[in-house]
Amino acid sequence: MEKEFDRSVSLTSSPSQSKENELLRISNLSIAYESKHANLLALDNIDLEIGQNRLIAVVGESGCGKSTLALSIIGLLAMPPAKIMNGKIEYKSINLTALKEKDRRKFRGTEIAMIFQEPLTSLNPVYKVGDQIAEAIAVREERKNDRSMDLESEVMQRTYKVNAPDMPSRLPRFKRGGLTKLLRDEVLQVLKQVRIADAEQVIDRYPFELSGGMRQRVMIAMALAQKPALLIADEPTTALDVTTQAQVLRLMKELIDEVNTSILLITHDLAVASQVADRVIVMYAGDIVEDSDVYDLFREPLHPYSKGLLSCIPVGSKDKAKLKPIPGSVPDLSKPFVGCKYASRCPFAMEICSKRSPRLVEARPNHRVACFLYSGESR
Ligand SMILES: Nc1ncnc2c1ncn2[C@@H]1O[C@H](COP(=O)(O)OP(=O)(O)OP(=O)(O)O)[C@@H](O)[C@H]1O
Ligand SMILES: [Mg+2]
């Protein structure tokens, strides 16, 4: 039976974006967590492009590397035990992996922002919601000045061999509790953008005075206040009830064009991905195993792992007893591996699968898969 999913999603996105609307390009990225005893390979030669104004979902079982991918993009993996073994992450053609932390920081929040799973751990309990959003705005303005200062300085040094003068900060340093009219208006605007109706009241409340759904909207508001071109949301709705989850997901989808951003939505829930994403990336054990337009993936998944994931989703009246969990578990990523990492769980495994690792190839237009069933290679 064909799976039901939201057919209102855009069908125009493509896994391989054209160069001009490309926002982020990850090439050959491997990341290991190092310890005295072993190195755990959390990302294994990942290749990925993200275009502008897209909602891309990254799905896969626990431990497959979704958060590691998110943290590497936002630049929060720059210290041990995580180590970039090889590859690069380019944002608007700037190689982020080659930057020093002080330069990398300028992209965080302002260009690439992230919202985390549990808003209470990210919101400061002792400051009012409005103050926290205002601080995000103030940080954005300071970074903007900082970066233009760097660019100006670079140009002047190159052109005139002199240093640029210090530029005055446009915003006076932000003080909590005393928002200027200008700042307060912008905070209200951002709160309204995330569909908080009583923004005038919410601005003066503390996080513990809000419901879970409202806190998650405030987190999205804080991220949006920095006007990022890419918003990474790592399991943003798992702590919410089903109705609130649907509202927050719908909101994220609407914001894509409204605020001109792309969203990388990380979820272990394929049903969530089907509701909002343009494109879905399926990860397994540190690999991208399938990368496809959402419609194609749900109509006809190619990788046996994606097929397995799909048969675990309860759809419509499907009898729960008929759901088929994938037998076995993700392999130990700290051990060296030969062959396809999914082979031991795969009902279609062939001889070649235990010998060589399949490459991600375009099996259909805009549909990449890493599996020997589609690579055209024989046993
Ligand atoms: N700080 C760390 N130190 C050592 N190993 C880590 C660390 N963070 C993650 N790992 C390991 O890296 C692998 C990938 O983890 P990651 O958190 O990226 O997975 P995930 O797909 O986000 O899982 P989940 O769905 O449970 O959040 C796992 O084997 C995990 O145990
Ligand atoms: Mg995670």
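When a ligand or atom number is given, it counts from 1 through the structure's own listing order. The shown structure was predicted, so the numbers you read here are calculated from the model rather than taken from an experiment.
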Listing, residues 55-62 side-chain donor-acceptor contacts under 3.5 Å, not counting sequence neighbours, or none:
| unit_1 | atom_1 | unit_2 | atom_2 | d |
| --- | --- | --- | --- | --- |
| Glu61 | OE1 | Tyr305 | OH | 3.0 |
| Glu61 | OE1 | Arg345 | NH1 | 3.1 |
| Glu61 | OE2 | Arg345 | NH2 | 3.2 |

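- Checking each of Ile112, Ile73, Ile26, Asp103 against Leu96 for a side chain to side chain contact (heavy atoms under 4.5 Å, CB included) leaves exactly one that passes, namely Ile112.
- Proximity of atom 30 (C) of ligand 1 to the protein is not indicated, since no non-hydrogen protein atom lies closer than 4.0 angstrom.
- Using a 4.5 Å cut-off on side-chain heavy atoms (C-beta onward), Pro304 and Leu373 make contact.
- The N/O atoms of Ala42, backbone and side chain alike, include none that comes under 3.5 Å of an N/O atom in ligand 1.
- Here the heavy atom of the protein found nearest to atom 17 (O) of ligand 1 is Ser67 CB, 3.8 Å.
- Closest to atom 24 (P) of ligand 1 among all protein heavy atoms lies Ser62 OG, 3.7 Å.
- Here Lys100 pairs with nothing under the side-chain hydrogen bond (donor to acceptor under 3.5 Å, both in side chains) rule; sequence neighbours left out.
- Residues Asp47 and Ile288 share a closest heavy-atom pair of O-CD1, 3.5 Å.
- Taking all atoms of both residues into account, the shortest heavy-atom contact from Leu360 to Ala370 is CD1-N, 3.5 Å.
- Where the criterion is an N or O separation shorter than 3.5 Å, residue side chain and backbone included, Gly63 meets it with respect to ligand 1.
- Shortest contact from atom 25 (O) of ligand 1 to any protein heavy atom: Lys66 NZ, 2.8 Å.
- Distances below 4.0 Å separate heavy atoms of Leu40 from the following atoms of ligand 1: 11 (C), 12 (O), 13 (C), 29 (O).
- Considering only non-hydrogen protein atoms, atom 6 (C) of ligand 1 sits nearest to Tyr33 CD1, 3.4 Å.
- Contacts between His268 and ligand 1, counted as non-hydrogen atom pairs separated by less than 4.0 Å, are absent for every part of the residue.
- For residues 196-214, the pairs satisfying salt bridge (charged side-chain N to carboxylate O under 4.0 Å, His left out) are Arg184-Glu200, Arg184-Asp204, Asp198-Arg205, with sequence neighbours left out.
- Looking at Gly65 next to ligand 1, an N or O pair under 3.5 Å apart turns up.
- The shortest side-chain heavy-atom distance between Ile196 and Gln201 does not fall under the 4.5 Å cut-off.
- Between Val129 and Val187, every side-chain heavy-atom pair lies at or beyond the 4.5 Å cut-off.
- The protein atom (non-hydrogen) at minimum distance from atom 16 (P) of ligand 1 is Thr68 OG1, 3.6 Å.
- At a heavy-atom distance under 4.0 Å, no atom of Ile266 approaches ligand 1.
- Between Asp44 and Lys341 there is a salt bridge, since at least one side-chain N of the basic residue sits less than 4.0 Å from a carboxylate O of the acidic one.
- Looking only at side-chain heavy atoms (C-beta outward), Leu43 and Ser30 stay at 4.5 Å or farther from each other.
- Annotation: side chain of Gln247 is in contact with side chain of Arg217 (closest heavy-atom distance under 4.5 Å).
- Within the 4.0 Å heavy-atom shell around ligand 1 one does not find Gly60.
- The count of protein N, O or S atoms under 2.8 Å from the Mg ion (ligand 2) stands at 1, with waters excluded from the count.
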